[in-house]
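Below is one structure, written out as structure tokens; the observations come after it.
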Protein chains: 2
Amino acid sequence: MGLTKTDSFTNKQNEMAAVMKALAHPARIAIVEHLLKVNNCVCGDIVDVLPLAQPTVSQHLKELKNAGIIKGEIEGTSICYCIDPDNWQKFQKTINALFSKYNIQKAKCC
Amino acid sequence: MGLTKTDSFTNKQNEMAAVMKALAHPARIAIVEHLLKVNNCVCGDIVDVLPLAQPTVSQHLKELKNAGIIKGEIEGTSICYCIDPDNWQKFQKTINALFSKYNIQKAKCC
DNA sequence: TTCTTTAATCGTAATATTGCAATGAATAAA
DNA sequence: TTTATTCATTGCAATATTACGATTAAAGAA
């Protein structure tokens with residue numbers, strides 16, 4: 001069906017999956033990495049850095065924005081994108097909470 | 001096109017995206033959480049825990065296995081799945097490397 | 001052997017994603 | 001005003017994902 005049964009899972013599980021999904025594409029990883037590297041806000045030259053057409057990049061930016069990972073502000077004729085500080089730290093904690101649940105001592109695997 | 005231009009990105013970016021993609025579904029998050037909770041290996045009762053039909057769960061397990069997140073061993077008539085210890089720690093480091101790149105002091109956002 | 005159990009695979013339908021050319025909206029420059 | 005510039009949106013084609021019924025394969029029990 002191509003339609004996820006979100007109703008059947010908890011909010012946390014759906015939120016976690018949503019963040020992962022937003023980062024589940026090399027172009028979006030590349031965008032985030034670039035924004036992290038430039039550190040202060042950067043405008044639409046993200047398009048120049050990526051090997052994709054402008055509409056495609058715009059689409060990826062939209063998905064990252066919808067997920068709350070980045071935010072953008074109008075600056076004259078161009079738009080300034082940057083990592084959303086609060087959400088970035090929140091997501092880091094969420095993901096770390098999952099990964100750190102692993103107890104390598106107790107976990108006697110097959 | 002629905003076809004990701006993987007060639008245009010680095011191996012690291014593609015690998016990172018692949019791990020994220022494997023966890024980009026609430027059912028797969030739920031599977032991982034369950035395996036983390038049970039700690040030692042657990043067999044096909046994952047199907048009982050999830051609100052999905054057996055073939056669907058099997059499909060999700062396959063994707064997690066392909067991504068290297070879990071591994072399975074035949075145990076009589078049933079199969080025992082568990083988190084892959086080495087990869088789990090590797091993925092944690094990879095993701096942490098991305099998230100910790102953020103310098104909240106330097107990052108003067110819009 | 002036959003029957004049961006467990007889980008993968010096949011086949012299919014519905015929906016989502018990816019990518020881009022073309023277009024549109026908004027501001028700046030001439 | 002007209003013309004660029006910058007970026008979002010639209011519309012479309014190609015491919016991927018999600019879900020499940022039906023079937024299959026493998027191992028154990030009867």
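Hydrogens, waters and symmetry mates play no part in the numbers below; they use all other heavy atoms, side chains included. To find a chain, count down the sequence lines: A is the first, B the second, and so on, and within it residues start at 1. A quick note: this is a predicted structure, and the numbers were derived from the prediction, not measured.
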Rounded to the Å, how far apart are [X] [atom1] and [N] [atom2]?
| X | N | atom1 | atom2 | answer |
| --- | --- | --- | --- | --- |
| N66(A) | dT9(D) | CG | C1' | 14 Å |
| I70(B) | dA7(C) | CD1 | P | 12 Å |
| K62(A) | dA8(D) | NZ | C1' | 8 Å |
| Q59(A) | dA14(D) | CD | P | 17 Å |
| H60(A) | dA8(D) | NE2 | C1' | 15 Å |
| D45(A) | dT5(D) | CG | C1' | 14 Å |
| E75(A) | dA28(C) | CD | P | 11 Å |
| E73(B) | dA26(D) | CD | C1' | 17 Å |

For residues [X] and [Y], determine if any side-chain heavy atom of one lies less than 4.5 Å from a side-chain heavy atom of the other.
| X | Y | answer |
| --- | --- | --- |
| I83(A) | L36(A) | yes |
| D84(B) | I70(B) | no |
| L35(A) | Y102(B) | no |
| K71(A) | P85(A) | yes |
| V32(A) | W88(A) | yes |
| S100(B) | Q92(A) | yes |
| V19(B) | T94(B) | no |
| E73(A) | Y81(A) | no |

Contact list for residues 17-36 of chain B, test salt bridge (Lys or Arg N to Asp or Glu O under 4.0 Å), sequence neighbours left out: R28(B)-E63(B)
Y81(A) side-chain N/O to dT6(D) phosphate OP1/OP2 under 4.0 Å: no
Short side-chain N/O contact to dA19(D) OP1/OP2 from T56(B), under 4.0 Å: no
Kindly give the heavy-atom pair with the smallest separation between [X] and [Y], and that separation in Å.
| X | Y | result |
| --- | --- | --- |
| I95(A) | I95(B) | CG2-CG2, 3.8 Å |
| P26(A) | T4(B) | CG-CG2, 3.8 Å |
| I29(B) | L23(B) | CD1-O, 3.3 Å |

Intra- and inter-strand pairs of DNA chain C in dot-bracket (Watson-Crick or G-U wobble, both distances under 3.5 Å; | for another strand): ||||||||||||||||||||||||||||||
From CG (L61(A)) to CD (Q54(A)), nearest 0.5 Å: 9.5 Å
Closest-nucleotide ordering on DNA chain C, the 5'-leading residue of Q54(A) and G76(A): Q54(A)
ring-ring contact (aromatic ring centres under 6.0 Å, His included) contacts in which one or both residues fall within residues 53-80 of chain A, not counting sequence neighbours: H25(A)-H60(A)
For DNA chain D, the residues among residues 4-12 of chain A that have a non-hydrogen atom under 4.0 Å from it: T4(A), K5(A)
Residue whose closest nucleotide on DNA chain D lies nearer the 5' end, E63(B) versus P55(A): P55(A)
Members of residues 16-29 of chain B that approach DNA chain C, where some heavy atom sits under 4.0 Å away: none
Touch class at under 4.0 angstrom, heavy-atom based, for I74(B) against every strand present: nothing
Proximity to the side chain of L3(B) - top-ranked nucleotide from dA16(D), dC20(D), dC20(C): dA16(D)
Distances for protein N or O near nucleotides 3-6 of chain C N or O, under 3.5 Å:
from, atom 1, to, atom 2, distance (Å)
dT5(C), O2, T77(B), OG1, 3.4
dT6(C), O4', T77(B), OG1, 3.2

